[in-house]
Structure formats: structure tokens, C-alpha cells
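Structure, as C-alpha cells:
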Amino acid sequence: MPVPPVYLDYNATAPVRPEVIARMQEIWAAPMNPSSVHAAGREAKKHLENARKSIADSISAWPNEIMFTASGTEANITALRGIAGKRLLVSAIEHSSVLKARTDAQMIAVDDKGTIDVAALDALLKDGTPALVSVMLANNETGVIQPVREVAEICKKHGALLHCDAVQGLGKMPVDFGVLGVDMMTLSAHKCGGPLGAAALIARRDLAVAPLLTGGGQELGRRAGTENLAAIVGFAAGVELSADRAHILQIRHWLAFIESEAEAIGGVVFGKSAPRLPNTTCVAMPGVSNEVQLMDFDLKGYAVSAGSACSSGRIEGSHVLNAMGVEKSLVASAIRISAGWATTQRDITTFTEIWRATSQRLKKN
Ligand code: PLP
């Protein structure tokens, strides 16, 4: 199926960059299992370790701190289930893979701007019970950037471990394992122009994370299964290409068109007063349900999203906006626009015109 004429759903998945596809095709051309001892296997191992080093260098980690997985979901679950004997605290706006990793997780509240309540975290950690905390770098729905360094300091003060889901930050803001001061971090290739099927859990070298998948000794025994080499090479290429953020920074100015349009007609921009990713805006068109909006935009050739789409394609109410205390009718009329490497200014100005026309027409009905 061709990519829709105007694709504004990069936070769900970004189109794969052509340079990434070219590099992956070179790998696919030969049989390559990095665990094989023959020449083809050694060649595969070289590609695997080059990709690992390139990603490690870009985030100030050591190559042996990077464990490749098949998805961000797998990396999140490995991090949160792989550390035994600690209570788990997660922010209320995390991705469902974090929220559902363990049934006994305690929630950390967020404020009405969509930012984690650090004082609440501090209070929760005060009793000194060994804890593991998970706080995302940037939220997938609102784009709100979380104060992860501050969270890391609080965790350190109380002797708690910190995992950070940085899946949405990759390629859109600086992501530096060392600077963030976290113990574990998740990345996923398909959010930055790399392919589906490759992601990583970065874990401090002295931290023992029990494997989720056991069997072969791949990834230093931390994740069994032959590595998806073409996807991993594509992942490294995606990370490399997204290091230049000039284009993505420009997008914030373009998204201001739609935000001022929304506000001019009584709409709401969520998390607007908090630091946000440059590519994301979440806006409500009061009085028009997001399902109706999405169908209308889809018919006109614009791909955007709302809340999180479940596997049946229906829209579930956003747990992120609910956690921010947003009124129910506004939650039901909120959509997310997320742009990326191939988005043009024209894509956003034409979408803004369509948004305005849709809002005028549907409100009358
Ligand atoms: N974490 C966040 C913040 C996400 O937005 C997503 C995907 O939408 C994931 C984790 C899961 O990543 P993946 O699709 O690679 O499993």
C-alpha cells in the first residue's frame, strides 16, 4: 500500500529513510548469521559490532551496554521484569508496555501540563524500600519532555534504579545515556527513520538484567535468538542520519500554524506550556469526536492519530490526557499530529487549512 499523500503520524512509526533501505539491502544480499564461525558469519559479526559501536557512540554508552531486541516493547519489558526484588514505580503517562510490564507497578502522578510530579516521586521513595523507577524521556501523545535528569538525582538520593523509555526522543532531541544519568534506557529504530524489527535496551555494565528470551548465547547471553542483522544495520543508519536535527527543529515553527488556528477557534493545545518535542502537537477540536476527525482527514489523504489505536483499529480514550486531568469531552476530541524527516512546510499548512474547514463543517452538524 502506498504511503498516504500527507503522512503526519511519525510518532506511530516514521517512514524508512531511503539511505537506510539501501544499507539494509546490502546485508540482505548475503546469508549473515553473526554467530557463525565461517567467513560469512565473521562478516556478519563485523556489521553487527559496527552498528553497536555507532549507536553506542551517538548516545555516550559503551558498546557492551547495548543489547539489541526486536522492539521497544521487548526492551521495556526486559528492563522492568529483568530486575528482581524491587518495587516498581512508573509514571502514569508511560507507554502501555511499561504500564503493563508488571501488575504490581505503582503510579507516579503527572500535573496538568503532562509533566511528572517529582515531589510525589520523592515522597514515594522516602521509605527506602529498594525500588526500580521508569520515566519516559518524551511522551508519545503530547510530546512533553520529562525532567529525567532531576528524576535521576532523586532516584540516586534514595538508592533506586532508573529506567528511561527514550523511544520518542531518538532523533528529535539530544539523547545521551551518560548525561541523563539513568541505569537503563530503551530505544527503537522505527521511530527515527530506521526499520521495524530492531530496538535496544541500554543497561549499565555492572547491572545484571535477567534475559526475557533464553536459549542461545547471543547479546552476551542477555537476549537469545539470531540478531536481525539487516534491521540492526538499518537502525544504526537511522540513528546516524537523524543526528542532524535542523529539519526537525524547523517543524516546531510550522506546527505553530495549526496550534494558533486551534486556539483561535476555542481549541486546546495539550502540554503547550511545557518543554515539548519539536515534531509533536496534540490538539482538541471541541465538539467533534476524534474518530470522526480521523475518518474525515483520512478521506482527504492526511494520516494523523488519536490516543492509542488498539489492535481492532478503534480509538481508546487517552490514558495520558486522563492522567493530566483533561475534561472527558476534550479527551474525546483530541488528535495527535506528529511530523518528521520527510515533512514539508506545505504538508502542515495544507493540513491546517483542512483542519479549519473540517472544524467549521462538522461543528454545524
Ligand atoms: N515507548 C514509547 C514511548 C512508544 O511510543 C512506543 C511505540 O509507540 C514504544 C515504547 C514501543 O515501541 P515498539 O513499537 O518498538 O515496540
Side-chain angles (χ1 to χ4, degrees), residues 7-16 20 55 66-81 90-102 105 108 110 114-116 133-146 148 151 162-173 175 180 182 184-202 212-213 223 225 227-228 231-232 234-236 238-239 242 271 276-277 279-282 303-311 313 315-316 318-321 323 336-340:
Y7 185 79
L8 294 170
D9 200 12
Y10 277 68
N11 288 8
T13 193
V16 183
V20 169
I55 295 173
I66 296 193
M67 172 188 121
F68 289 117
T69 63
S71 65
T73 295
E74 185 195 328
N76 280 344
I77 294 179
T78 304
L80 303 187
R81 292 193 189 154
V90 306
S91 91
I93 55 167
E94 296 297 313
H95 184 259
S96 53
S97 55
V98 168
L99 293 175
K100 293 181 187 170
R102 266 171 52 178
I108 313 159
V110 297
T115 308
I116 179 181
V133 175
S134 185
V135 173
M136 65 199 333
L137 185 55
N139 184 262
N140 41 311
E141 292 186 31
T142 59
V144 171
I145 296 170
Q146 302 302 314
V148 173
V151 169
L162 176 60
H163 164 257
C164 177
D165 175 349
V167 162
Q168 290 294 346
L170 192 60
K172 302 167 190 162
M173 62 179 284
V175 177
L180 286 173
V182 301
M184 293 184 283
M185 186 166 90
T186 296
L187 303 176
S188 182
H190 73 103
K191 307 288 186 180
C192 73
L196 287 155
L201 176 65
I202 297 93
L212 197 62
L213 302 179
R223 199 265 187 187
E227 287 92 349
N228 185 351
I232 289 169
F235 182 10
V239 170
S242 57
R276 285 181 299 159
L277 292 175
N279 80 315
T280 307
T281 187
C282 183
V304 294
S305 75
S308 48
C310 61
S311 49
I315 297 165
E316 293 173 335
S318 159
H319 71 280
V320 175
L321 299 182
R336 174 186 72 190
I337 300 132
S338 54

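Note that the coordinates shown come from a computational prediction; the quantities given were computed from them, not determined experimentally. Order of appearance sets the numbers: ligands from 1, and atoms from 1 within every ligand.
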Between [X] and [Y] (side chain of the first, backbone of the second, donor and acceptor by atom type, cut-off under 3.5 Å), is there such a pair?
| X | Y | answer |
| --- | --- | --- |
| Q168 | N11 | yes |
| Q146 | I116 | yes |
| H190 | A199 | no |

Identify, by atom number and element, the atoms of ligand 1 in contact range of [X], meaning under 4.0 Å from any of its heavy atoms.
| X | value |
| --- | --- |
| S71 | 15 (O), 16 (O) |
| T73 | 11 (C), 12 (O), 13 (P), 16 (O) |
| N140 | 3 (C), 5 (O) |
| Q168 | 3 (C), 4 (C), 5 (O) |

- request: Decide yes or no on side-chain contact (heavy atoms from CB on, under 4.5 Å) for F68 and N228, but give the supporting numbers first.
  value: CA-CA 9 Å; F68 289 117; N228 185 351; over 6 Å; no
For [atom], the protein heavy atom that lies nearest, with its residue and separation:
| atom | value |
| --- | --- |
| atom 14 (O) of ligand 1 | H190 NE2, 2.9 Å |
| atom 2 (C) of ligand 1 | D165 OD2, 3.5 Å |
| atom 7 (C) of ligand 1 | K191 NZ, 2.8 Å |
| atom 4 (C) of ligand 1 | H95 CD2, 3.5 Å |

Under-4.0 Å heavy-atom contact with ligand 1, by part of [X] that carries it:
| X | answer |
| --- | --- |
| E74 | neither |
| N76 | side chain |
| M136 | side chain |

Winner among G72, A75, A12 once heavy atoms are compared against atom 13 (P) of ligand 1: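 Shortest heavy-atom distance from atom 13 (P) of ligand 1: G72.
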message: Regarding ligand 1, does S97 bring an N or O atom to under 3.5 Å of one of the ligand's N or O atoms?
response: no
